[in-house]
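Encoded as structure tokens, the structure appears first; notes follow it.
Both ligands and their constituent atoms are indexed starting at 1 by order of listing. Keep in mind it's a predicted model, so treat the numbers as computed, not measured.
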Amino acid sequence: MRNIKIFDTTLRDGEQAPKCGMHLSEKIEMARALERLKVDVIEAGFAICSKGDFESVQTIAGAIKDCQVASLARCVKADIDSAYEAVKAAVAPRIHVFLATSPIHMQYKLKMSEERVLETVKEMVSYAKSKVSDIEFSAEDATRSEPEFLVKVIKTAIAAGAKTINIPDTVGYITPGEMGELIRYLKSSVPELDGVDLSVHCHNDLGMAVANSLAAVAAGATQVECTLNGIGERAGNAALEEIVMCIDTRREMFNARTRIQTNEIYRASKLLYNILGIQVPLNKPIVGVNAFAHEAGIHQHGVIANRLTYEIMTPESIGLPSNRMAFGKHSGRHAVEKRLEELGYKLSQEELNEFFESFKALADKKKVINDSDLEALLKHKAAPFKEQEYRLDRFTINSGNYVTSNAVVRLISGDETFEEVAIGDGPVDAAFKAIDKIVKVVPHSLDDYYIQSVTEGNDALGEVVVKIKTADGVVTGRGLSTDIIEASILAYINGLNKLLAY
Ligand code: KIV
Ligand code: ZN
């Protein structure tokens, strides 16, 4: 069986998409989830891009032990220097250099002739190679490049020391048949590819990123670049979970495998959706809420008789716990601890003590606590408050269809208590305005607000996600409560505390 390397670019190509920005602590949490998944390479960012990008690549390079860590760099010395400084502490550092090779990019964007592109590839791959031994070269817009020129570029990059050659479908233009043909053509035209990884990086503009990536694997590619949940530029990148589960489910057909721990997929995917504050689409393959739900009677009947009638993979194989369980205020600590373990969460004794406190507080308000509640509580577990942070003490709201909504909010920070009152366009707006009078941070505005119930029923937990925009980007705040106004206030304070910390 061939081993297919999974190169994850959630923290680079994924993170650069609108509304997918993450902050340092979130990126580190995500990188650790990718390490548990056992991706081969984590592309942690584009180090030259900003101070924040450099810092996150460097921190991830220092923290991750079981994956290679890469930084992207243009074919420019300053980019390569910055990428090197950011990844050099990694157990296995990689510099990923790229240059466009299609006629349209060379003429209009780079304003470079073919000869100049070849010289630059030679010069810059050699320069990167003088810094670290593992160099990947990407021919940006490869699928719209002249195949004969692409061959010259690849030969040049390999001669200069590249160990991985990546073929990006930058604009999501190719189709699976063409991709298979291109990979076969490159393999037969470039014997130097023997011993070098041939990789693909597909965008999803026409909804074919996964199909194109798999066509490349079938034709001989040995690395696939992808992102969790398929996030990425425009329509996104090829989704990691779909590629991995397809190779796993159709192992014999591909005669290939990956080293991914598939039973970590559900948890990693959920973590990303939570960090971004996005709901999991109902019908998303592999990780969607309905991906393993059998609704039609005839299907249910078949599955009961034999799961294989309608199930090509099991929920357990992606780490989705099968038998749902319900807890309540009489549930013991051990039962809760065991269930958390079954759901894939191993807490320290101290974390468990804290968790059990919030579990009991919720059990006082809510009769039945199920897996989704447990996961929501975990996600919102109160991080120890830092000195300068604010937390909610109490609030009062007066609202109705004949009165102007007004809110009184009292917050605590350190030893001090602050109280403010404000009117607003509805109770949430009034509460946020009162909070803004207390918490003085950089100019900001509310960019987005979502509310969803974690489970069904009148006493369901409400989860609110707010996106707060500043000149430097967007932060995500989250709040959880059986009261949706309280959840909104908690989310807003959570976001503002993040701004204070940054
Ligand atoms: O889509 C693309 O071409 C890229 C490269 C930088 C690999 O993201
Ligand atoms: Zn890309």
Requested in this report: Would you check whether Glu233 reaches within less than 4.0 Å of ligand 1, judged by its heavy atoms?
Outcome: no
Query raised in the report: Among all residues two or more places apart in sequence or in another chain, which pass the side-chain hydrogen bond (donor to acceptor under 3.5 Å, both in side chains) test with Asp197?
Result: Lys5, Thr222
**Report entry** N or O pair under 3.5 Å between Asp141 and ligand 1
**Finding:** no
**Report entry** Whether Tyr492 and Phe432 hold their rings parallel, tilted or perpendicular, with breakpoints at 30° and 60°
**Finding:** parallel
Requested in this report: Using distance alone, with no hydrogens and no angle criterion, decide if Ser199 and Asn166 have a side-chain donor and acceptor under 3.5 Å apart.
Outcome: yes
Requested in this report: Mind checking whether Arg12 contacts ligand 1 via backbone (N, CA, C, O), side chain (CB onward), both or neither, at a 4.0 Å heavy-atom cut-off?
Outcome: side chain
Report task. Would you check whether His201 has a nitrogen or oxygen atom less than 3.5 angstrom from a nitrogen or oxygen atom of ligand 1? Result -> yes
Query raised in the report: Hey, is ligand 1 close enough to His203 that some N/O pair sits below 3.5 Å?
Result: yes
Report summary line: Listed as residue and atom, the protein N/O/S atoms under 2.8 Å from the Zn ion (ligand 2) are Asp13 OD2, His201 NE2, His203 NE2
Report summary line: Sorted by chain and number, sequence neighbours left out, side-chain contact (heavy atoms from CB on, under 4.5 Å) with Lys155 holds for Val151, Val190, Pro191, Glu192
Using atom types as modelled, flag every donor-acceptor pair under 3.5 Å from a side chain in residues 57-71 to any protein atom, sequence neighbours excluded.
residue, atom, partner, partner atom, Å
Thr59, OG1, Glu55, O, 2.6
Lys65, NZ, Gly62, O, 2.8
Asp66, OD2, Lys38, NZ, 3.1
Gln68, NE2, Asp134, OD2, 2.5
Ser71, OG, Ala47, N, 3.2

Requested in this report: Using a 4.0 Å heavy-atom cut-off, say whether Thr170 meets ligand 1 through its side chain, its backbone, both or neither.
Outcome: both
